[in-house]
Amino acid sequence: MLANFIQNSFGLDISERCFRLARIKKTGGRLVLDAFGEINAPAGVIKDGKFANKEKAVGLFKNLFQNLTGAKSSLHYAAVCLPEPKTFIKIINITYPKNKNVVEEVIAEAKNHIPYPLEKTYLDWQFIDAAKSKVIIAVCPKEIVDNFQSTLAAAGITPAVL
């Protein structure tokens, strides 16, 4: 599955001004830009980090896929950038809890750092050091993530990574 994901995935960068797609494939031991495209987005398609006009956005995605340079098939899984002004990423320190629930410890510490109410966000995290004392957290409001997922699904895009 992982090899299939890697070979059939692409990056999708979405902003208020344009939608960009790129896929890199390994060919003969080298990385090669296999497919790419860019399409301008009219004003109002994205507003405040969300798709404000889903129908126009779906049409733009379809147009983007039809006008790609390079391979146009086997684009299945997307690694999608969420809007930077609406996301929050930070490295936090925790005391690795030997007899505690590590998830609860991360959540408790994350609440001290994130600028949103935790119940209105999606939180992801992972250890970034061997001692398990440094954790990188990533947070985005649920309304942004849910809006992206529903719009991408309507366009036939499967987001594997947000």
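- Between Phe10 and Asp34, the closest side-chain pair of non-hydrogen atoms is not below 4.5 Å.
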Could you give the side-chain donor-acceptor pairs of residues 115-124 under 3.5 Å, partners two or more places apart or in another chain?
residue	atom	partner	partner atom	Å
Tyr116	OH	Lys86	O	2.9
Thr121	OG1	Leu118	O	2.9
Tyr122	OH	Asp146	OD1	2.8

Could you walk me through whether Asn93 and Lys134 pass the side-chain contact (heavy atoms from CB on, under 4.5 Å) test, one step at a time? CA-CA 5 Å; Asn93 295 308; Lys134 291 190 185 298; 3.3 Å; yes

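- Side-chain contact between Val32 and Lys25 is absent, with no heavy atoms from C-beta onward closer than 4.5 Å.
- By the 4.5 Å heavy-atom criterion applied to side chains, Ile137 and Glu109 are not counted as neighbours.
- Between Ile39 and Asn67 there is no side-chain heavy-atom pair separated by less than 4.5 Å.
- Among all heavy-atom pairs drawn from Ala22 and Leu33, the shortest one is CB-CD1, 4.2 Å.
- For Gly49 against Pro83, the heavy-atom pair with the smallest separation is O-CG, 3.4 Å.
- Leu12 is not listed as a side-chain neighbour of Pro159, based on a closest heavy-atom distance of 4.5 Å or more.
- With hydrophobic clusters built from ILVMFWY side chains whose heavy atoms lie under 4.5 angstrom apart, Val102 shares a cluster with Ile107.
- Atoms CG and CZ, on Asn40 and Arg17 in that order, are 10.5 Å from each other to the nearest 0.5 Å.
- Annotation: the span from Ile92 atom CD1 to Glu105 atom CD amounts to 9.0 Å, rounded to 0.5 Å.
- The side-chain contact (heavy atoms from CB on, under 4.5 Å) with Ile14 is formed by just one residue from the set Val45, Leu82, Val80, Leu60; it is Val80.
- Judged as a ring-ring contact (aromatic ring centres under 6.0 Å, His included), the pairs with a partner in residues 126-151 (not counting sequence neighbours) are, in order, Phe51-Phe148, Tyr96-Phe127, Trp125-Phe127.
- Across all their heavy atoms, Thr151 and Asn147 have their closest contact at OG1-O, 2.9 Å.
- Annotation for Glu55: atom CD does not count as buried by contact number, only 12 or fewer foreign heavy atoms lying within 6.0 Å.
- Residues that satisfy the ring pair (Phe, Tyr, Trp, His ring centres under 6.0 Å) test with Phe19, not counting sequence neighbours, are Phe61.
- Between the side chain of Thr27 and the backbone N or O of Arg30, no donor-acceptor pair lies under 3.5 Å.
- Contact between Ile46 and Ser15 at its shortest, heavy atoms only, is CD1-O, 3.4 Å.
- The line from CD1 of Ile89 to SG of Cys140 is 9.5 Å long, rounded to the nearest 0.5 Å.
- Residues Ile94 and Val106 come closest through the heavy atom pair CD1-CG2, 3.9 Å.
- Nearest approach of Lys54 to Ser150, heavy atoms of both residues: NZ-OG, 2.7 Å.
- Formation of a donor-acceptor pair under 3.5 Å by the Asp13 side chain with backbone atoms of Arg20 is not found in this model.
- Residues Val145 and Leu152 are members of one and the same hydrophobic cluster, defined by side-chain heavy-atom contacts under 4.5 angstrom among Ile, Leu, Val, Met, Phe, Trp and Tyr.
- For Lys56, the NZ atom sits in a loose shell: 12 or fewer heavy atoms of surrounding residues, nucleotides or ligands are nearer than 6.0 Å.
- No more than 12 heavy-atom neighbours from other residues, nucleotides or ligands sit within 6.0 angstrom of NZ on Lys62.
- We find the CG-CD1 distance between Asp129 and Ile136 to be 12.0 Å, quoted to the nearest 0.5 Å.
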